[in-house]
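Read the structure below first, then the notes.
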Amino acid sequence: MNETQIRQSIIDACLAMNASGINQGTSGNISVRHGEGLLITPTSVPYGDLRPEDIMFLRMDGSFDGPNRPSSEWRFHRDIMRERPDVNAIVHAHPTFCTTIAILEKPIPPIHYMIAVAGGHDIRCAPYATFGTEELSRFAVEALQDRKACLLAHHGMIAVGDTLDRAMWLAVEVEALARQYHGCLQIGEPPLLSEDEIQNVISHMANYGHQKKSAAA
Ligand code: 13P
């Protein structure tokens, strides 16, 4: 993909994020690693109005190029990219069920084996800090340690990936888990899968999907 195509893919992902129901308005923001920095959505521009040239280029020192200001959450996008060489794309959104669990300041526990797609036996909830602050960024980086997703208390959710497609896919999966957990909590405290079983699922998942060899391999 050339740079214009990457910029367009960020806009397409923003529109898909709102169409899928995992975000609303301009509550979310998306970034993709690019060169010595990242391409990131501008702050508070309705996604339907975005043109490729509106996507901002942000350097690791916080300076930026483009006609707008970068997302107010540029710090955690920049800091996650800096701390996590495995991450090339970040999706931040305010999905209703993730945010509901995050308002309770709860992690998502291992209620379903699919929690493994976020990298471990739980999806942590970072403590509350004001949006856009270094403190929030620090909490987010910590909550994402050995994980690909986290909740942000009284705020929303972050999903990361080696590609934008995978970060978007994960964001939808995490919202599904939060919705299931919310449903469980209406009935009572759900029983949980063990940490060992989630590790077992993670190793099985390495072989999941379309394989060239036979199913028995
Ligand atoms: P931006 O419009 O600045 O990206 O902010 C929205 C948001 O998610 C704040 O947490």
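Below, each value reflects all heavy atoms present in this structure, side chains not excepted, and no hydrogens, waters or symmetry copies. Numbering of ligands and ligand atoms starts at 1, following listing order.
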Under the 3.5 angstrom rule, does the side chain of [X] hit a backbone N or O of [Y] as a donor-acceptor pair?
X      : Y      : result
Arg124 : Ala143 : yes
Asn18  : Leu15  : no
Glu195 : Pro110 : no

Requested in this report: Work out whether the distance between some heavy atom of Arg69 and some atom of ligand 1 is less than 4.0 Å.
Outcome: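 The answer is no, since Arg69 has no heavy atom less than 4.0 Å from ligand 1.
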Query raised in the report: Does Thr41 reach ligand 1 with a nitrogen or oxygen that is under 3.5 Å from one of the ligand's nitrogen or oxygen atoms?
Result: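 No - when backbone and side-chain N and O of Thr41 are compared with those of ligand 1, no distance drops under 3.5 Å.
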Suppose we measure from [atom] to each protein heavy atom; which comes out shortest, and what is that distance?
atom                   : value
atom 9 (C) of ligand 1 : Glu73 OE2, 3.5 Å
atom 7 (C) of ligand 1 : Ser27 O, 3.0 Å
atom 2 (O) of ligand 1 : Ser44 N, 2.9 Å

Report task. Start with the C-alpha gap between Arg147 and Asp122, add the side-chain angles, then the distance that decides, and say whether salt bridge (Lys or Arg N to Asp or Glu O under 4.0 Å) holds. Result -> CA-CA 9 Å; Arg147 297 288 187 275; Asp122 61 359; 2.8 Å; yes
Contact atoms of ligand 1, heavy-atom distance to [X] under 4.0 Å:
X     : result
Asn29 : 1 (P), 4 (O), 5 (O), 6 (C), 7 (C), 8 (O)
Gly28 : 4 (O)
His92 : 8 (O), 10 (O)
Thr26 : 2 (O), 6 (C)
His94 : 8 (O), 10 (O)

Query raised in the report: Side chain, backbone, both or neither: which part of Ser71 comes within less than 4.0 Å of ligand 1 when only heavy atoms are counted?
Result: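 Under 4.0 Å from ligand 1, Ser71 contributes backbone and side-chain atoms.
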Report task. Answer yes or no: is there a side-chain heavy-atom contact under 4.5 Å between Glu73 and His155? Result ->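 Heavy-atom side-chain distance check passes, below 4.5 Å.
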Query raised in the report: For the ring pair His92 and Phe76, is the centre-to-centre distance below 6.0 Å?
Result: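 Yes, ring centres under 6.0 Å apart.
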Query raised in the report: Between Glu3 and Arg7, is there a side-chain N and carboxylate O pair less than 4.0 Å apart?
Result: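 Judged by the 4.0 Å cut-off on N to carboxylate O distance, Glu3 and Arg7 do form a salt bridge.
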**Report entry** Residues Asp65 and Arg59 bridged, charged N to O under 4.0 Å
**Finding:**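 So Asp65 pairs with Arg59 through a salt bridge.
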Query raised in the report: For atom 1 (P) of ligand 1, which candidate among Ser72, Pro46, Pro42, Pro70 provides the closest heavy atom?
Result: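 Selected option, by shortest heavy-atom distance: Ser72.
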